[in-house]
2 protein chains.
Amino acid sequence: MLTQSEENYLKAIFHIQQEVEGGISTSRLAEKLETKAASVTEMIKRLADKKLVDYQKYYGVQLTDMGRKHALLIVRKHRLWEFFLVERLNFNWDEVHEVAEQLEHIKSPKLVEELDIFLGRPEYDPHGDPIPDANGNLPKSPKKRLSQLKTGDHAICKGFNDNSSSFLKFLDKQEIGLDTQIEVIHIESFDESMTVLIDKREVPLSKTASDNIYVEHITVEV
Amino acid sequence: MLTQSEENYLKAIFHIQQEVEGGISTSRLAEKLETKAASVTEMIKRLADKKLVDYQKYYGVQLTDMGRKHALLIVRKHRLWEFFLVERLNFNWDEVHEVAEQLEHIKSPKLVEELDIFLGRPEYDPHGDPIPDANGNLPKSPKKRLSQLKTGDHAICKGFNDNSSSFLKFLDKQEIGLDTQIEVIHIESFDESMTVLIDKREVPLSKTASDNIYVEHITVEV
DNA sequence: ATATATAATTAGGTTTGCCTAAAAATATAA
DNA sequence: TTATATTTTTAGGCAAACCTAATTATATAT
Ligand SMILES: [Mn+2]
Ligand SMILES: [Mn+2]
Ligand SMILES: [Mn+2]
Ligand SMILES: [Mn+2]
């Protein structure tokens, strides 16, 4: 049985591995977990003893198959709970993360399975992130960053790189949500900022913003 | 902010105080929490420092108003979650306690309030135990033990003194549940065992069993 | 290739929450 | 009332997770 802290480390390693290849540095993990490098080294050793990570002193850490399995279960629980909070308990999508950080550590296989059934086996959480199934399989969708599109392109919003409360509140304000239709009508070459058309509204987006929006690029029949 | 362990101590003290008056002994608490007396002494001191309990060395411990308020919130959360698990997630009433022991420690006032609303503000948990409201008020029902009734008495089952899985499974087998109608048809003076009529079925109950069943005594118009 | 900067590890502490064994206080019995 | 038994507290340790400061290894720049 893993401690809450061990679970948080595994999840953090998993998330960083989604972004970058190879071993993960102590400092990167410390940053993600908002802790100090010394604490990370210590914990990594414990996880290595338990065969949950492969660890080579000074050369970073990687999940083993077991470690990955554990991490995926935590991610599954996190996202199922977020879905529950938004769809059943009237939480806004920017207020669920902290509570899900707690709920993801509840240990009960039956609870996870019954919750999944109760919610109708959702495939995506409120932020568009895929929910691993009971076997740890992730439905993968081909996502592009909005910033990669060209003028005239059409797309549908499918998720976000940044799930912070401030970014989600910004999206609420611009009325951008999951499955929102977006058309790129102008890209400013000076700063790569973008003007997009959403539901007949012209919305200006900085490069930072468009970088953090994942879309599915669609071809529109004229 | 209280730790999980501190919350468990407060809840245990609260539950023991429901049964017996006056200060609660270190050994009684140790037994309830399945820990050692030395650990209890230590924790009690911490709780006393935080003004959550009144503590007199060698003479036991009692909740302060603050301590009682905290304990009632934990009990509220525990029972709301049990209700959720049984009514929405298809748990049987004998499998909810352990999971609720974990869920009761989730910290989010909004979660508690929204869960309460979502469930329709239930007044009793699946075992018939009252759910404190947001202000810590308990709806109190005048409960008797089934063992206190006389031959010929009619009653409705309203709760149990023992919520252990084995007792609840026994009740399932005898088809005794909340709001079940019970008529006492015989009491054996030798061992105080009882025969009751439930839905036209004669059910034998030991003194131990009838002691653990709470009922509302009703008068039946003939 | 060597010096310097950066990153990671080790050493040594702290707090929480548990333990066993010894000592002290209280309760009970002769 | 005094002796004995029981209960409670204290003393001293341990493991998990965190920390700061010092040391060591690796990476970078001259
Ligand atoms: Mn989240
Ligand atoms: Mn977490
Ligand atoms: Mn319970
Ligand atoms: Mn608990």
## Note on the structure
Closest of D:dA17, D:dT20, D:dA27 to the A:S5 side chain is D:dA17
### Message
Base, sugar-phosphate or nothing for A:S39? Non-hydrogen atoms, less than 4.0 Å.
### Response
base
#### Entry: B:M43, nearest nucleotide to its side chain (from C:dA27, C:dT9, C:dG17)
C:dG17
### Query
Has the side chain of A:T35 got a donor or acceptor atom that lies under 3.5 Å from a matching backbone atom of A:A30?
no
### Task
Starting from C1' on D:dT6, measure out to CZ on B:R28 and report it in whole angstrom.
17 Å
### Query
The side chain of A:Y55 lies closest to which of these nucleotides: D:dC19, C:dT9, D:dT10?
C:dT9
### Short side-chain N/O contact to D:dC18 OP1/OP2 from A:Y9, under 4.0 Å
yes
### Task
Say whether A:D211 and A:S147, considering side chains only, have a donor N or O and an acceptor N or O under 3.5 Å apart.
yes
### Query
At under 4.0 Å between heavy atoms, what does A:T26 touch on the DNA or RNA strands: base, sugar-phosphate, or nothing?
sugar-phosphate
Exercise answer: donor-acceptor pairs, residues 129-140 of chain A side-chain atoms, under 3.5 Å, sequence neighbours excluded:
from   : atom 1 : to     : atom 2 : distance (Å)
A:D129 : OD2    : A:N163 : ND2    : 2.9
A:D133 : OD1    : A:N135 : N      : 2.8
A:D133 : OD1    : A:G136 : N      : 3.1
A:D133 : OD1    : A:N137 : N      : 3.0
A:D133 : OD2    : A:N137 : ND2    : 3.3

### Task
May I ask you to verify if any side-chain N or O of B:K45 is less than 4.0 angstrom from the OP1 or OP2 atom of D:dT10?
yes
### Task
Select base, sugar-phosphate, or nothing to describe what A:T41 touches, counting heavy atoms under 4.0 Å on all strands.
base
## Note on the structure
Rounding to 0.5 Å, atoms NZ (A:K144) and CG (A:L146) come to a distance of 11.0 Å
## Note on the structure
Per nearest nucleotide of DNA chain C, the residue lying toward the 5' end, B:Y58 or A:A37, is A:A37
### Query
Does B:K36 make a side-chain N or O approach to OP1 or OP2 of C:dC18 shorter than 4.0 Å?
no
### Query
Using a cut-off of 4.0 Å on non-hydrogen atoms, how would the nucleic acid contact of B:S27 be classed: base, sugar-phosphate, or nothing?
sugar-phosphate
### Task
Report the nucleotide, chosen from C:dA8, D:dT20, D:dT26, that has the shortest atom-to-atom distance to any side-chain atom of A:A38.
D:dT20
### Query
Out of C:dC19, D:dT26, D:dA17, which nucleotide sits closest to the side chain of A:E6?
D:dA17
### Summary
Correct closest heavy-atom pair for A:H127 and A:F160 would be O-CD1, 3.6 Å
### Query
The side chain of B:R46 lies closest to which of these nucleotides: C:dT16, C:dA8, D:dC19?
C:dT16
